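Remarks on the structure that follows.
Not measured: the values here are computed from a predicted model. Basis for what follows: all heavy atoms, side chains included, without hydrogens, waters or symmetry-related copies. Below, chain A is the first sequence line, B the second, and so on; all start at residue 1.
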Amino acid sequence: TLCFQAFLQMCNLPIRVVCRANAEYMSPSGKLPFIHVGNQVVSELGPIVQFVKAKGHSLSDGLDEVQKAEMKAYMELVNNMLLTAELYLQWCDDVTVEEITHPRYGSPYPWPLNRILSYQKQWEVRRKMKAIGWAGKTPQQVLEDVDQCCQALSQRLGTQPYFFNKQPTELDALVFGHLFTILTTQLITDELSEKVKNYSNLTAFCRRIEQQYFEGHNKESSATVAARSAKRSLLR
Amino acid sequence: MAAPMELSCWGGDWGLPSLHPESLTVMAYAKFSGAPLTVNTINNSWRASKGDVPVLTSEDIVISQPAKILNFLRKQKYNADYELSAKQGADTLAYIALLEEKLLPALLHTFWVEAENYCSVTKPWFASRIAFPLSLYLPGKKSREALNRILLTRGGPPLYSLTEVEAQIYRDAKECLNLLSKRLGTSQFFFGDTPTTLDAFAFGFLAPIYKVCFPRVQLQEHLKQLPNLCRFCDDILACYFRLTVSGHSPAGQDTADANLQKLTQLVNKESNLIEKMDDNLRKSPQHPPRNLTTLKLAAGGEEGSPLNRLSP
């Protein structure tokens, strides 16, 4: 969720975050989060970016063709590695699943619905992992993959303020969303956030965006709402 | 330095050393980095894999996925990315992720899910290289796995029917091809003049689309509109795969060689004939027209039979 908020705030568009239990069902694509503008509802990063672009705001206009190709490639890397790793660690690592994920995912619902829905979600995620070949990976290997991904992002970022020099783009929003979530969410062990913390320019990047786009909009509630919605986004 | 390494993978056709994208990637990387790899293509034997191809065997170590195989080769000091900067290494990872997310579903679909392609080309080709009765089971299993993977990774709502998913994955694949073309631009390889891991992966994914003759070829047609990608594939095939020793050259290569031999014989015969003509002309200068006509007829007769031999 954070990547969307970050993106929309980078475009200087005002937003209000609302947490709902049936959010997945309200969304047109079944995926969170989605935005509700006037009488239009748009979900998922790709369509939201298009929608915002059609309304006249775009972050990547200043990039040339090769840079746009690079940006798309890095966004795929983040989706491929970080998102899948997050899903894996939440749903395929038995200890984490029992102690954290099941209770959190099922918390809005009464028993036995909470158990049924979370088992269903777990089964879905495990099927997907098997199809893409991640089922055979140990948590250690997944952490190594995350490390590799962070290393790539860190090297690409270098000493610049944003990935494509002075201006933030969709990639910055996406990376911020994922990294901030990883850094602030409680799991059984801190290994995942430790991996990210190894790269100081990435943590500095997150802090910078947080200060610039979230705290700047006063209301400490927005930061806590963001944190709460970050926890919910993990349940996807 | 290193123990002898053997790679088991699917064989090739249509001018490619292998039809399988992952096998092609590994073979290309081995060529780029100079790793001495003996390639064993899978044929009709029970030693063939259960589907976990390509497999690298070195002494007692058996490694199966392309990423792991490439890591192993790098540890053995066969590193094609030696000259890349850190940022270029990061770019490599990103572009490989792009290929896997956007291009691979469409590639799988073209090979294994599209009914006409699968029934007329893919299934017979793979079945002919697997021992019976596994050949009845394995292609079907791969087809189901491919469909499963496509649906699970790309088939969520709002795409509810297979046709919508198909349309989306082909759109994504075409966009990916466009992005790759822009990134390649006019340079020979993705990072300058020497090929690297990214070139191996790109070649592994692009070459099957480019070369294999399917009945339904929308992706191939799109690729052919991007001349720099086609040139990229042709260059790699010409430089790194033409000069293969007969250990692993595909059947197509053999018939090409045989044709080349016949053509050379023909040319030699023609040149001998021309020499004879010259001699005759010099020896009997007062009857040039008669000699020419008889020689022309003889040449026509000679040409007739070799041509008949060459035609399929």
Inset, instruction - Look at Ala152(A), Cys149(A), Gly158(A) and state which one has the largest set of heavy-atom pairs under 4.5 Å with chain B. - result: Ala152(A)

Inset, instruction - Could you look at Gln151(A) and say if it's the side chain, the backbone, both or neither that has a heavy atom under 4.5 Å from chain B? - result: neither

Legend entry - Side-chain heavy-atom pair Asp234(B), Tyr210(B) within 4.5 angstrom cut-off: yes

Inset, instruction - Would you confirm whether the ring centroid of Phe201(B) sits within less than 6.0 angstrom of the ring centroid of Tyr95(B)? - result: no

Inset, instruction - Please tell me if the side chains of Asn201(A) and Gln160(A) come closer than 4.5 Å, counting only heavy atoms from C-beta onward. - result: no

Inset, instruction - Could you have a look at Glu124(A), Lys130(A), Lys128(A) and say which one has the most heavy-atom pairs with chain B under 4.5 angstrom? - result: Lys128(A)

Inset, instruction - Sort Gln88(B) into side chain, backbone, both or neither according to what part of it lies under 4.5 angstrom from a heavy atom of chain A. - result: neither

Legend entry - Separation between CD of Glu114(B) and CG of Leu219(B), rounded to the nearest 0.5 Å: 11.0 Å

